[in-house]
Amino acid sequence: MAISEVFTKLVSEYSMGKRQGVDHKHDEHMQVDEFYRKVGIGKLEEAVSFWAHYLVSFGDISKDIEDGSMGEKLQANKELIFVYGSARTIHDYAAYQQFNYRRANETKKSSQEPYQLLFFFAQIVVDLKYDFTGILTNPVDLLLAQITDMGDVANKDDFVAAYRSVMKLLGIPKKERLTSRLLH
């Protein structure tokens, strides 16, 4: 057997072995993805509904905080996010929690704080919706659909500043942010 034939045979066998390893990894990834799609689809839907509910029903946040049920609800939802959420969703949820911890220890409250909380909720809804459907939406649009006076001159500066501060806390670079005409 000539050296070129031996070399060709070795390269061919090596390539087949590599390809089988790649196929195995791909198959394994597909099995994990299929498991989460089958088992987790209802759980992801539950998480999206939880956050979207509070985004659309602001009064329920205050009510649930006052009656003491918010902590339990957030705890149950945190488990859903940790198990079924993407890395981005978990990151944004962690930033939201860190914001809450810092906020709880501050004595002086910012006029932007209510808007910042709304942006965190909106971003988590966007993340979960993307995890659930693969569709990326704009958190500003979610809020504009719900809050009609967001573009008023009296509110616009706080709204824009809150958006920018939350995007910075989330680590979303300016060039990757979905923008709205309202922010210009």
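Sequential numbering from 1 along the given sequence is applied to the chain's residues.
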**Fill in**
Hits for side chain to side chain contact (heavy atoms under 4.5 Å, CB included) against Leu169, two or more places apart or cross-chain, chain-then-number order -> Phe99, Arg102, Phe120
**Prompt:** Quick one: CD1 on Ile124 to CG on Leu55, what's the gap to the nearest 0.5 Å?
**Reply:** 10.5 Å
**Request:** Please answer whether the main-chain N or O of Tyr101 pairs with a side-chain N or O of Asn105 as donor and acceptor at a distance below 3.5 Å.
**Result:** yes
**Asked** What about the rings of Tyr54 and Phe50, do their centers lie closer together than 6.0 Å?
**Response** yes
**Asked** Just by modelled atom types, is the Thr89 backbone N or O under 3.5 Å from a matching donor or acceptor in the Ser86 side chain?
**Response** yes
**Message:** Let me confirm one number: the CD-CG distance from Glu45 to Asp131, rounded to the nearest 0.5 Å.
**Reply:** 14.0 Å
**Message:** Check whether Ser165 reaches the backbone of Ala162 with its side chain - one donor and one acceptor, N or O, closer than 3.5 Å.
**Reply:** yes
**Asked** With side chains defined as the heavy atoms from C-beta onward, is the minimum distance between Trp51 and Asn77 less than 4.5 Å?
**Response** yes
**Asked** Between atom CZ of Phe159 and atom CD of Gln116, what is the distance when rounded to the nearest 0.5 Å?
**Response** 12.0 Å
**Prompt:** Of the non-hydrogen atoms in Tyr130 and Leu136, which two are nearest, and what is the gap between them?
**Reply:** CD1-N, 3.8 Å
**Item:** Heavy-atom side-chain proximity of Val48 to Thr133 below 4.5 angstrom
**Value:** no
**Item:** For the student: nearest non-hydrogen atoms of Ile81 and Leu128, plus distance
**Value:** CG1-CD2, 4.4 Å
**Request:** Measure across Tyr93 and Leu74 and return the closest heavy-atom pair with its distance rounded to 0.1 Å.
**Result:** OH-O, 3.8 Å
**Request:** Evaluate side chain to side chain donor-acceptor pair (under 3.5 Å) for Tyr96 paired with Asp92, printing each intermediate quantity in order.
**Result:** CA-CA 6 Å; Tyr96 160 74; Asp92 291 352; over 6 Å; no
**Prompt:** What closest approach, in Å, do Arg88 and Leu170 show between heavy atoms, and which atom pair accounts for it?
**Reply:** NH2-O, 3.0 Å
**Asked** Is there a donor-acceptor pair under 3.5 Å between the side chain of Gln146 and the backbone N or O of Val56?
**Response** yes
**Prompt:** When the ring centroid of Tyr115 is compared with that of Tyr163, is the distance short of 6.0 Å?
**Reply:** no
**Request:** Over all heavy atoms of both residues, which pair between Asn138 and Val126 is shortest? Give the atoms and the distance, please.
**Result:** C-CG2, 4.2 Å
**Item:** Side-chain touch Phe119/Val140, heavy atoms, less than 4.5 angstrom
**Value:** yes
**Request:** Kindly determine whether Arg103 and Leu117 satisfy side chain to side chain contact (heavy atoms under 4.5 Å, CB included), including the steps that lead there.
**Result:** CA-CA 10 Å; Arg103 189 172 65 94; Leu117 286 170; 3.7 Å; yes
**Prompt:** What do the steps show when you test Val125 against Thr137 for side chain to side chain contact (heavy atoms under 4.5 Å, CB included), and what is the final call?
**Reply:** CA-CA 9 Å; Val125 169; Thr137 54; over 6 Å; no
